[in-house]
2 protein chains.
Amino acid sequence: MDQIDEAKINPEEKDLIDLYNLSELYKVFADFTRVRILSALTGGEMCVYNLAEALEMGQSAVSHQLRVLRASGLVRPRREGKTVYYSLDDEHVNEILEAGLEHVIHKRKGL
Amino acid sequence: MDQIDEAKINPEEKDLIDLYNLSELYKVFADFTRVRILSALTGGEMCVYNLAEALEMGQSAVSHQLRVLRASGLVRPRREGKTVYYSLDDEHVNEILEAGLEHVIHKRKGL
DNA sequence: TCAACATATGAACAGTTGTTCATATGTTCA
DNA sequence: TGAACATATGAACAACTGTTCATATGTTGA
């Protein structure tokens with residue numbers, strides 16, 4: 001079974017796949033609750049209950065969003081007894097947040 | 001979620017308003033069509049017709065999305081006769097795209 | 001002025017999304 | 001084993017979003 005030679009892929013098509021995945025990635029960041037969760041986790045791992053408490057939201061809502069973040073590989077769970085601790089899965093997550101925040105803060109300060 | 005109750009801000013969290021604006025910003029990037037438009041404009045300004053042609057989409061759909069990008073200050077129009085040329089409005093736009101792309105490409109290459 | 005062109009807009013529709021409520025799963029300790 | 005706890009999941013519902021179709025606005029040159 002031969003392997004796919006990426007060099008032979010039409011360069012425009014390859015770009016499209018990346019751009020599609022990029023828009024899918026941004027969809028995960030495009031929710032207030034999820035951004036708050038990710039931001040909270042930049043300070044280190046947290047369990048679901050503490051996250052729900054910090055965001056003043058129901059446990060179910062937070063758990064649903066953690067599921068989305070987990071499925072996207074942005075967040076990683078670690079079980080310890082009854083408690084599940086979540087942490088950022090990738091150093092890129094922080095960089096993406098920072099790139100956006102830079103723009104947002106720049107705009108808030110009056111362009 | 002259209003508004004924020006400032007009274008509920010938790011001091012331990014990052015500025016909620018910034019995080020809210022951040023999620024709103026990501027919403028604009030969270031669409032395949034808009035990402036393709038922004039990506040196309042990284043190569044320089046383009047008129048609506050050429051954008052529609054490049055994306056193989058209807059003029060109306062592209063125009064609607066340009067409106068969203070305009071309203072978000074990510075894109076700037078320049079009229080020249082009948083034609084309107086659009087370009088990226090902010091050097092940050094490119095940085096945000098790059099930060100996400102880095103993650104996407106990293107994942108595609110097998111983590 | 002009119003016709004041709006480039007872009008913008010409004011309405012409507014289908015598809016998607018995030019929350020809540022109720023309940024299920026999984027874990028610990030008495 | 002059973003009760004209490006921590007988290008996950010499914011269904012349902014309202015709210016939101018992107019496209020299409022039709023039409024409006026704005027611009028140029030005859």
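Values in this document were obtained by computation on a predicted structure and should not be read as measured data. All chains are named by letter (A, B, ...) in the order of the sequence lines, taking the proteins before the strands, and each is independently numbered beginning at 1.
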Taking only side-chain nitrogens and oxygens of A:Y86, does any of them come within less than 4.0 Å of OP1 or OP2 of D:dA8?
yes

Can you identify which nucleotide, out of C:dT9, C:dG18, D:dG18, has its nearest atom closest to the B:S63 side chain?
C:dT9

Is the ring of A:H64 stacked on the base of C:dT19, with centres less than 5.5 Å apart and planes under 30° off?
no

Could you tell me how far apart A:I37 (CD1) and D:dT7 (C1') are, to the nearest whole angstrom?
13 Å

Which nucleotide wins on minimum distance to the side chain of A:Y49, given the candidates D:dT7, C:dG10, C:dT28?
D:dT7

Interatomic distance where CE belongs to A:M57 and C1' belongs to D:dT7 [whole Å]
15 Å

Among the candidates C:dG10, C:dT7, D:dG18, find the nucleotide nearest to the side-chain atoms of B:R67.
C:dG10

What nucleotide, of C:dT7, D:dC5, C:dG18, holds the atom closest to the side chain of B:V84?
C:dT7

By the definition side-chain contact (heavy atoms from CB on, under 4.5 Å), identify the one residue from A:I37, A:V48, A:L38 that meets it with A:Y86.
A:V48

Nearest to side-chain heavy atoms of B:T83, which nucleotide of C:dT7, D:dT19, C:dC5
C:dT7

Matching residue for A:V62 among A:R36, A:M57, A:R34, A:E53 - test: side-chain contact (heavy atoms from CB on, under 4.5 Å):
A:M57

Consider the side chain of B:K82, meaning its heavy atoms from C-beta on, and name the nucleotide among C:dT27, C:dT19, D:dG26 that approaches it most closely.
D:dG26

Given DNA chain C, 5'-ward residue of the pair A:E80 and A:K27, judged by closest heavy atom
A:K27

So, OP1 or OP2 of D:dA6: does either fall under 4.0 Å of a side-chain N or O from A:R79?
no

Name the one of A:V68, A:D90, A:L25 that satisfies side-chain contact (heavy atoms from CB on, under 4.5 Å) with A:L74?
A:L25

Looking for any heavy atom pair under 4.0 Å, which part of the strands does A:S60 touch: base, sugar-phosphate only, or nothing?
base

Measure from CD on B:Q65 to C1' on D:dC16 and round the result to the nearest Å.
14 Å

Over all atoms of both residues, closest heavy-atom pair of A:L97 and A:T42:
CD1-CG2, 4.0 Å

State whether the side chain of B:N21 and the backbone N or O of B:I17 hold a donor-acceptor pair below 3.5 Å, judged by distance alone.
yes

Between C1' on C:dT7 and CG on B:N50, what's the gap in Å once rounded to a whole number?
13 Å

Measure CG/B:L69 against P/C:dA8 and give the value in whole Å, please.
12 Å

Within this structure, what is the CG-to-P distance between A:L66 and C:dT19, rounded to whole angstrom?
11 Å

For the pair made of CG in B:D31 and P in C:dG15, what is the distance, rounded to whole Å?
17 Å

Starting at atom CD of A:E24, determine the distance to atom P of D:dG18, rounded to an integer number of angstrom.
12 Å

Is there, by distance only and without an angle test, a donor paired with an acceptor across the side chain of A:Q59 and the base of D:dA8 below 3.5 Å?
yes

